[in-house]
2 protein chains.
Amino acid sequence: MKIPEATVLRLSIYSRYLKQLWEKGVTNVSSGEIAEGVNGTSAQVRKDLAYFGEFGTRGVGYKVRILDKQITEILGINNEWEVVIVGAGNLGSALTHYKGFKERRFNIQAVFDNDENKIGSKINDVLVYSITDMDNFIKENDIQIGIVAVPATYAQGVVDILIKAGIKSILNFAPTVISVPEHVEHRSVDLVVNLEVLTYNLVNKK
Amino acid sequence: MKIPEATVLRLSIYSRYLKQLWEKGVTNVSSGEIAEGVNGTSAQVRKDLAYFGEFGTRGVGYKVRILDKQITEILGINNEWEVVIVGAGNLGSALTHYKGFKERRFNIQAVFDNDENKIGSKINDVLVYSITDMDNFIKENDIQIGIVAVPATYAQGVVDILIKAGIKSILNFAPTVISVPEHVEHRSVDLVVNLEVLTYNLVNKK
DNA sequence: GACTGTGAAGCCATTCACAGCT
DNA sequence: AGCTGTGAATGGCTTCACAGTC
């Protein structure tokens, strides 16, 4: 069955919220309570979950721990993922430090850059390699995800190397549209575009 | 008329692409060419633009410069916007260095943090202030946009201060759902959620 | 009584296909 | 002939409302 992308996105948010609840000692939860926690609606929570099975009990609700485990499995984050970051500039460095990745079991295995002064140094205990080593590293360490944090002009070149090396997914932070073949998954996080949607809404005070 | 959010998002991307074309010396462009440049379809480009007026010439196409000017105006980025960043950690620091903001005339006027060691220092020529000064600063300098780059646990607290100070829009990077009143615009950029959509698609090899 | 699961309805966005202009 | 602008058709997502279960 075709699952809306928006549903997948929300599942990730539900999962994080459920973890929070569990840490607070909450063991049972209703779709309405989840909805409240994530600024959604109870019908949507139920519909999102219903795509994948029946995880709750009618009249009762959901068990926090079990539901989170189910979602975690759906999202494919019950096991670990090996990640590399391309670009050791400010953004690449910040992403390498970002604690949220390790918490969700995304392991940053290497950073790549073309700046001689950075190669060989460490960022948050992760070694910085030359871009020329990237192809080899990805193949030898079975890296599945590449995060692109280089200037727009270099982005497509970097992406091409990642793809040739057999990467499966790309998360692009460069402010440009990148081209990837069918079989490679990719998403772009565009900081300026996000700001410009805000200004649009301000100017056209919706 | 109600404009799809996806349309606004794409307008920002068209604008960047048009600027690129102009710098390459291209003066005229068709909807098909724009579509190719941004991985879209020509019908969608035309429909997106048609929401706002008739900017092209039938049988001919669009004038690059003029079209970009129109889009720029629609997005409200023909004038400058004053921005503050909350959080002087790795992410806040990277955002303060980010060149893409200034290029699009978003001016970062201040960074706020609660770490005594950071207050008074400069990040990329921008002064770091105490969070306790934030309310005042926003009011006195007529700041319209606040970027939140603090840990999840502090995010809502920071957001509340921003709102009380009269901020109009918030771009949130904290990995948590934030609550804001109706009249304040906000968007969240969630790094982990983006990665988890990738893993979902890998595991469920769509 | 409370809450889930779900078909149906409603709403929104994208794509189609063609009339209209140059 | 080439390309825009746009109503109509399609497809996809969200909301509604209620039957089913505890």
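Residue numbering restarts at 1 for every chain, and letters A, B, ... go by the order of the sequence lines.
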Item to check | Polar side-chain atom of B:Thr96 near backbone of B:Gly92 as donor-acceptor pair, under 3.5 Å | outcome: yes
Next on the checklist: Tell me which pairs pass salt bridge (Lys or Arg N to Asp or Glu O under 4.0 Å) where either residue lies in residues 6-29 of chain B, with sequence neighbours left out.
Outcome noted: A:Asp190-B:Arg16, B:Arg10-B:Asp48, B:Lys19-B:Asp68
Checklist entry - Taking the side chain from B:Asn141 and the backbone from B:Ile143, do they hold a donor-acceptor pair closer than 3.5 Å? => result no
Next on the checklist: In whole Å, I'd like the distance from the CG atom of B:Leu9 to the C1' atom of C:dT14.
Outcome noted: 15 Å
Checklist entry - Could you give the CE-to-P distance, from A:Met1 to D:dG12, as a whole number of Å? => result 13 Å
Item to check | Spacing of OH belonging to B:Tyr51 relative to CD1 belonging to B:Ile74, to within rounding of 0.5 Å | outcome: 12.5 Å
Next on the checklist: If you compare all heavy atoms of B:Arg104 against all heavy atoms of B:Ser15, which two are closest, and at what distance to 0.1 Å?
Outcome noted: NH2-OG, 2.8 Å
Checklist entry - OP1 or OP2 of C:dT4 less than 4.0 angstrom from a side-chain nitrogen or oxygen of A:Ser31, does that happen here? => result yes
Next on the checklist: Under a 3.5 Å distance rule, please check whether B:Asp113 uses its side chain to pair with a backbone N or O of B:Lys118 as donor and acceptor.
Outcome noted: no
Item to check | Reading 5' to 3' through nucleotides 13-22 of chain D, protein heavy-atom contacts under 4.0 Å coded B for base, S for sugar-phosphate only, - for none | outcome: SBB-B-BBBS
Checklist entry - In terms of the angle between their ring planes, are A:Phe137 and A:Tyr129 parallel, tilted or perpendicular, with boundaries placed at 30° and 60°? => result tilted
Checklist entry - Between residues 62-73 of chain B and DNA chain C, which residues have a heavy-atom gap below 4.0 Å? => result none
Checklist entry - Is it true that a side-chain atom of B:Glu33 and a backbone atom of B:Ser30 form a donor plus acceptor pair closer than 3.5 Å? => result yes
Checklist outcome for this item: When rounded to whole Å, the CD to C1' distance for the pair A:Glu33 and C:dA2 reads 11 Å
